[in-house]
Amino acid sequence: MKNLLKRMDNVRLLLEKEAFPGMAVPGLIYADHYIETMLEQDSALEQVAHVACLPGIVGYSYAMPDIHWGYGFPIGGVAAFDVNEGIISPGGVGYDISCGVRLLSSYIKLADIKPVLDALTTALFSAVPSGVGSSSAIRLSLKDLDDVLRKGARWAVKEGMGMQDDLDRTEEGGCLDGALCEFVSSRAKERGKNQLGTLGSGNHFLEIQVVDEIFDKAAASQMNLESGSITVMIHCGSRGLGHQVCDDYLKVMRRAMAKYKIDVPDRQLCCAPIQSEEGQQYIGSMKAAANFAMANRQIIGSVVRDVFAQFFPGKPLFPVYDVSHNMAHIEKHIWEGRKREVCVHRKGATRAFEGQPVLIPGSMGTASYVLVGTKKAEMESFASTCHGAGRVLSRNEAVKRTRGQNLVREMADRGVTVKADSFRTLGEEMPEAYKDISAVVEVVHQAQLSLKVAKLKPVAVIKG
DNA sequence: ATGTGC
């Protein structure tokens with residue numbers, strides 16, 4: 001399929017409709033020549049073509065430069081579906097519903113943090129539970145959990161964990177209206193009940209960083225970012241609760257496919273019409289899981305603040321922004337001069353409305369970026385941009401290659417303190433398992449889907 | 001991603 005790509009310019013490739021039978025729209029892949037060489041054999045591109053076959057798709061089946069193979073839809077994929085004729089698909093959101101990033105900033109300087117770095121990192125590691133299956137000290141009744149699912153980060157602030165400014169600097173104010181907790185299974189609730197305030201595992205992390213480079217002074221100052229100052233990045237999602245919601249609704253959608261006579265090229269793309277009862281129940285449950293994820297990041301941010309306050313009294317941590325990388329939203333867009341209401345699936349992709357902060361976490365030991373959304377993204381990609389470096393090695397392949405390596409020491413040699421819950425996860429997350437994040441960011445910057453504001457370098461990282 | 005796996 002790779003030789004069916006037509007280069008449009010330095011950062012855009014077109015996958016024409018002729019590439020795969022049934023494509024209703026072409027594919028649009030954001031890639032320069034380096035990213036093009038990184039496109040996996042074919043599997044992720046095939047997934048771009050498959051998504052283009054789904055009912056009601058508008059515009060293109062998009063792939064951001066961090067694209068790699070995922071469940072049904074590629075990770076780094078974006079697709080908008082007409083609200084009346086289109087579908088909603090759990091595979092287009094991903095297993096970790098509303099996995100995302102929260103960034104806090106400070107006026108603490110790198111030199112001030114160096115003498116206490118080990119103690120601070122250890123304190124953060126013990127204050128924020130991490131790892132697969134980790135649980136927190138926050139024990140909720142099912143009634144309280146329903147409140148979290150309805151109110152999101154607002155619930156945490158109401159309980160004394162954070163402030164109004166945090167909500168003002170969170171996507172959707174930290175709470176999605178229309179969450180339907182009555183359609184979230186009791187199994188999902190049971191799994192999530194004791195996991196609020198936990199980091200999880202995989203690519204999730206809690207990182208102390210320093211602002212290494214500023215590209216846009218005005219935007220950086222609006223976001224409370226200044227060169228040489230410390231930031232804290234929190235990357236996590238909806239834990240077992242979101243995972244179970246995805247699992248539950250994949251089953252629901254498989255049944256709905258027969259009921260609504262929807263035909264798709266891959267079973268993993270199972271979906272239902274947006275306006276169907278199954279579609280509406282998934283959307284309500286997905287929103288509930290997203291509220292859980294936003295509450296989770298709000299709580300972790302609050303715990304991080306408490307720990308920092310012990311080391312740096314009187315030097316607060318300010319909210320920069322909190323944004324999701326795995327979500328579907330009903331949004332109004334103008335496409336080919338026509339007002340359209342669409343359901344935009346962003347799976348491993350970030351919303352990028354004009355002026356909105358975009359947070360791009362790097363892989364372990366590498367830089368992260370802050371960008372800002374653009375009018376161009378609103379016009380061209382349903383206000384979407386990339387979400388990270390994107391894998392080039394599978395988890396298994398990465399672990400194989402780390403045999404005999406001491407990743408903690410290698411990170412220390414790079415000047416990054418690492419504390420981890422699991423050696424296996426460290427191997428999966430080795431830097432070589434990912435593309436060069438700077439190259440990914442350069443593509444979306446050149447395509448003007450979002451513009452570079454600041455580069456953040458890791459100082460200490462906590463991995464689940 | 002995940003009370004990790006056919």
Side-chain angles (χ1 to χ4, degrees), chain A residues 44 47 66-77 89-102 129-136 139-140 145 184-206 234-251 267-268 282 285-286 288-290 292-294 296-297 300 323-328 345-350 361 363-364 387-400 402 420-430 433-434 462-464:
Chain A
Q47 291 188 317
D66 45 350
I67 181 183
H68 56 108
W69 185 90
Y71 185 92
F73 287 59
I75 295 162
S89 175
V93 173
Y95 266 94
D96 191 359
I97 295 168
S98 196
C99 173
V101 174
R102 171 171 297 228
S130 64
V132 178
S134 55
S135 61
S136 77
R139 294 299 154 108
L140 298 175
L145 180 63
V184 175
S185 70
S186 52
R187 195 170 178 199
K189 289 178 185 175
E190 204 51 51
R191 285 182 69 173
K193 208 165 66 131
N194 298 332
Q195 292 189 321
L196 208 50
T198 67
L199 197 59
S201 180
N203 63 356
H204 292 164
F205 64 71
L206 166 57
I234 297 156
H235 179 203
C236 64
S238 52
R239 310 286 289 105
L241 185 137
H243 190 276
Q244 190 63 47
V245 168
C246 181
D247 234 19
D248 291 339
Y249 280 90
L250 285 170
K251 289 190 197 89
R267 271 171 53 90
Q268 295 186 349
Y282 171 68
S285 301
M286 171 192 68
F292 184 91
M294 290 191 287
N296 195 27
R297 292 192 289 272
I300 293 173
V323 69
S324 170
H325 291 162
N326 276 4
M327 206 42 204
H345 292 57
R346 298 184 185 87
K347 180 190 194 178
T350 315
S363 52
M364 187 170 63
H387 90 304
R391 272 192 180 278
V392 286
L393 297 180
S394 71
R395 292 191 157 107
N396 273 321
E397 189 58 36
V399 170
K400 264 192 218 164
T402 55
D421 180 79
S422 140
F423 286 113
R424 159 105 200 164
T425 304
L426 270 189
E428 290 175 352
E429 295 299 314
M430 72 189 293
Y434 287 87
I462 286 161
K463 294 287 298 178

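By convention in this document, chain letters (A, B, ...) are assigned in the order of the sequence lines, proteins followed by strands, and residues within each chain are numbered from 1. The figures that follow rest on heavy atoms only: side chains count, while hydrogens, waters and symmetry mates do not. This one's a predicted model, so the numbers in the text were calculated from it and none came from an experiment.
- Taking atom CD1 of residue I75(A) and atom P of nucleotide dT2(B), one finds them 13 Å apart after rounding to whole Å.
- The backbone N or O of G197(A) sits less than 3.5 Å from a side-chain atom of N296(A), completing a donor-acceptor pair.
- Using a 4.0 Å heavy-atom cutoff across all strands shown, G94(A) reaches no nucleic acid atom at all.
- Going from atom CG of D96(A) over to atom P of dT4(B) covers 16 Å, rounded to whole Å.
- The aromatic rings of Y95(A) and Y71(A) sit perpendicular, their planes meeting at an angle over 60°, well past the 30° parallel limit.
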For F73(A) and Q47(A), what are the C-alpha separation, side-chain angles and deciding distance, and is it a side-chain contact (heavy atoms from CB on, under 4.5 Å)? CA-CA 6 Å; F73(A) 287 59; Q47(A) 291 188 317; over 6 Å; no
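- The 5' end of DNA chain B is approached more closely, in terms of each residue's nearest nucleotide, by L199(A) than by the other of L199(A) and N396(A).
- Two residues, E429(A) and S422(A), neighbour DNA chain B, and the one matched to the more 5' nucleotide by heavy-atom proximity is E429(A).
- Between the C1' atom of dT4(B) and the CZ atom of R395(A) lies a distance of 9 Å, rounded to the nearest Å.
- Between E428(A) atom CD and dT2(B) atom C1' there is a gap of 11 Å when expressed in whole angstrom units.
- Annotation: K400(A), atom NZ; neighbour count of heavy atoms from other residues, nucleotides and ligands within 6.0 Å does not exceed 12.
- Contact annotation for S238(A): no contact, since no heavy-atom pair falls under 4.0 Å across all strands.
- E190(A) comes within 4.0 angstrom of nothing in the nucleic acid, heavy atoms only.
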Please evaluate residues L426(A) and M364(A) with respect to the criterion side-chain contact (heavy atoms from CB on, under 4.5 Å), reporting the C-alpha separation (whole Å), side-chain torsions for both, the decisive distance (0.1 Å), and the verdict. CA-CA 9 Å; L426(A) 270 189; M364(A) 187 170 63; 3.4 Å; yes
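- Atom CD1 of I97(A) is separated from atom P of dT2(B) by 12 Å (rounded to the nearest Å).
- Within the nucleic acid shown, R239(A) comes within 4.0 Å of sugar-phosphate atoms alone, with no base atom in reach, counting heavy atoms only.
- Whole-Å rounding puts the D247(A) CG to dG5(B) P distance at 10 Å.
- If you take NZ of K463(A) and P of dT2(B), they are 11 Å apart, rounded to a whole angstrom.
- Distance, Q244(A) CD to dT2(B) P: 13 Å, rounded to whole Å.
- Within the nucleic acid shown, G237(A) has no heavy atom closer than 4.0 Å to any nucleic acid atom.
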